[in-house]
J.: 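There's a structure below that I have some questions on.
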Amino acid sequence: IVVLGNVSGAHFNPAVTIAVLIKNGNFMEDLPFALMIICSQIAGGFLGVLTVFVSLSTVDMGDYTVKEGTLERLCPAAAVGNDIICDPTNFVFKIFLTEFVCTTLFVSLILTVKYHTQSNEGILGAATVAGTLCGMINLADAISSACLNPAVGFVQSIFQPFAWDATRPHYEDESLNTSYNISYGSLWIYVLAPAMGGVFAGLFQLFNGLVHNKMRSSTPNTTYNKF
């Protein structure tokens, strides 16, 4: 945020980009730039997981292998007991609501820092965002594993079955080789719920700004912060 805030706005999260797009109110004008940022966030996510995978892997019998337990899975903690890994069945609403609420709170804080404080791209603003993110992760981790980012949810949900398959033992006799049964069922939750949290946070900030500006215009002699 401190380094790149003046360059791109330092969103790093499609939910934040969506919220800023809605809050600014120039939807059609800003949409191409927002889509470009979201695409770059997703591309950065793929680059990130590939970098981690390659840096932690070794070549065994011509295949990349990773020591078991090295890579983390993005799986709903509430669904740990299911037979299929990362299968959200029976916990969909609980996981979706957790991701939606925590992302809404997190993105709302970011917009508040961005639009209503003077330290939006300074160290204090960055520390506030980091502290809030830490709090939301601790709050959501026991239920949804705290994704809070559609780009992370999309990229890791797609990549992790291949990455975790590389942690299994490899034998010359193919009949001895096994694979992990990792579900893609959580992917849509990790993409849609945080994205909707960004939409809700953006709409709230937009409505809040409209009400505030209306109050300023109706009472011109009263001092208000600019929204």
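Excluded from the calculations below are hydrogen atoms, water molecules and symmetry mates; all remaining heavy atoms, backbone and side chain alike, are included.
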J.: Check the hydrophobic clustering (I, L, V, M, F, W, Y; side-chain heavy atoms under 4.5 Å; chains of links allowed) and say if V107 and I37 are grouped together.
T.: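 No; I37 is not reachable from V107 via cluster members.
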J.: If only side-chain N and O atoms count, and only distance matters, is there a donor-acceptor pair under 3.5 Å linking N208 with Y115?
T.: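 Result is no, nothing qualifies.
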J.: Are there more than 12 heavy atoms of other residues, nucleotides or ligands under 6.0 Å from atom CZ of F200?
T.: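 For F200, atom CZ is not crowded (no more than 12 foreign heavy atoms under 6.0 Å).
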J.: Work out which heavy atom in Q41 is nearest to a heavy atom in F12; give both atom names and the distance.
T.: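 Minimum heavy-atom contact is NE2-N, 3.5 Å.
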J.: Quick check for you: to the nearest 0.5 Å, what is the distance between L139 atom CG and T132 atom OG1?
T.: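 Answer for the CG-OG1 pair, L139 versus T132, is 12.0 Å.
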J.: Same cluster or not: are L74 and V92 linked, directly or through other Ile, Leu, Val, Met, Phe, Trp or Tyr residues, by side-chain heavy atoms under 4.5 angstrom apart?
T.: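 No.
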J.: Could you check whether any side-chain heavy atom of L192 comes within less than 4.5 Å of a side-chain heavy atom of F96, counting everything from C-beta outward?
T.: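 A side-chain contact under 4.5 Å exists here.
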J.: For C134 and N138, which heavy atoms make the closest approach, and how far apart are they?
T.: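 Taking every non-hydrogen atom into account, O-ND2, 2.8 Å.
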J.: Quick check: do P14 and N149 have side-chain heavy atoms less than 4.5 Å from each other?
T.: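 Touching, per the 4.5 Å side-chain cut-off.
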J.: Report whether F91 and L97 are members of the same hydrophobic cluster (ILVMFWY, side-chain heavy atoms less than 4.5 Å apart, transitive linking).
T.: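 In one cluster: yes.
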J.: Are the side chain of E99 and the backbone N or O of C147 linked by a donor-acceptor pair below 3.5 Å?
T.: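 It does hold such a pair.
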J.: Any donor-acceptor pair under 3.5 Å linking the side chain of N13 with the backbone of L148?
T.: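 Yes; at least one donor-acceptor contact below 3.5 Å.
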J.: Just wondering, do I18 and P150 contact through their side chains at under 4.5 Å, heavy atoms?
T.: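 The answer is no; the side chains never approach within 4.5 Å.
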J.: So, taking the atom named CD1 in I189 and the one named NZ in K94, what distance separates them when rounded to the nearest 0.5 Å?
T.: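 Here the interatomic distance stands at 13.0 Å.
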J.: Can you name the nearest heavy-atom pair linking Y190 to S145, along with the distance?
T.: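 Heavy atoms of Y190 and S145 come nearest at OH-CB, 4.1 Å.
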J.: Applying the 4.5 Å side-chain criterion to the ILVMFWY set and letting contacts propagate, would L187 and V49 be lumped into a single cluster?
T.: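 Same hydrophobic cluster.
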J.: Quick one: closest heavy-atom pair of L206 and I22, and the distance?
T.: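 So the two residues come closest at CD2-O, 3.7 Å.
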J.: Would a hydrophobic clustering, with Ile, Leu, Val, Met, Phe, Trp and Tyr connected at side-chain separations under 4.5 Å, put L35 with V191?
T.: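 No: no chain of side-chain contacts under 4.5 Å links L35 to V191.
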J.: In the structure I gave you, are the side-chain heavy atoms of I95 and S186 within less than 4.5 Å of one another anywhere?
T.: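 With C-beta onward as the side chain, the pair stays apart.
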J.: Quick one, L203 and F207 - any side-chain contact, counting heavy atoms below 4.5 Å?
T.: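 Heavy-atom side-chain distance check fails, nothing below 4.5 Å.
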J.: Which atoms form the tightest heavy-atom contact between L133 and F106, and what is the distance?
T.: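 It is CB-CE1, 3.6 Å.
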J.: Are any side-chain N or O atoms of T103 and backbone N or O atoms of F100, one a donor and one an acceptor, separated by less than 3.5 Å?
T.: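 A pair under 3.5 Å: no.
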J.: Could you check whether atom CZ of F154 has more than 12 heavy atoms from other residues, nucleotides or ligands sitting under 6.0 Å from it?
T.: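 No, not enclosed.
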J.: Hey, what do you get for CG (L109) to NZ (K114), rounding to the nearest 0.5 Å?
T.: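 Between atom CG of L109 and atom NZ of K114 there are 14.0 Å.
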J.: Does F204, at its CZ atom, have more than 12 non-hydrogen atoms belonging to other residues, nucleotides or ligands within less than 6.0 Å?
T.: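 No, the 6.0 Å shell around CZ holds no more than 12 heavy atoms from other groups.
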J.: We want to know whether S108 and Q205 form a side-chain donor-acceptor pair, criterion being a heavy-atom distance below 3.5 angstrom.
T.: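 On atom types as modelled, these side chains do not qualify, holding no pair under 3.5 Å.
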J.: Provide the closest heavy-atom pair for T98 versus A140 in the form atom of the first, atom of the second, distance.
T.: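 For T98 versus A140, the nearest heavy atoms are CG2-CB, 3.5 Å.
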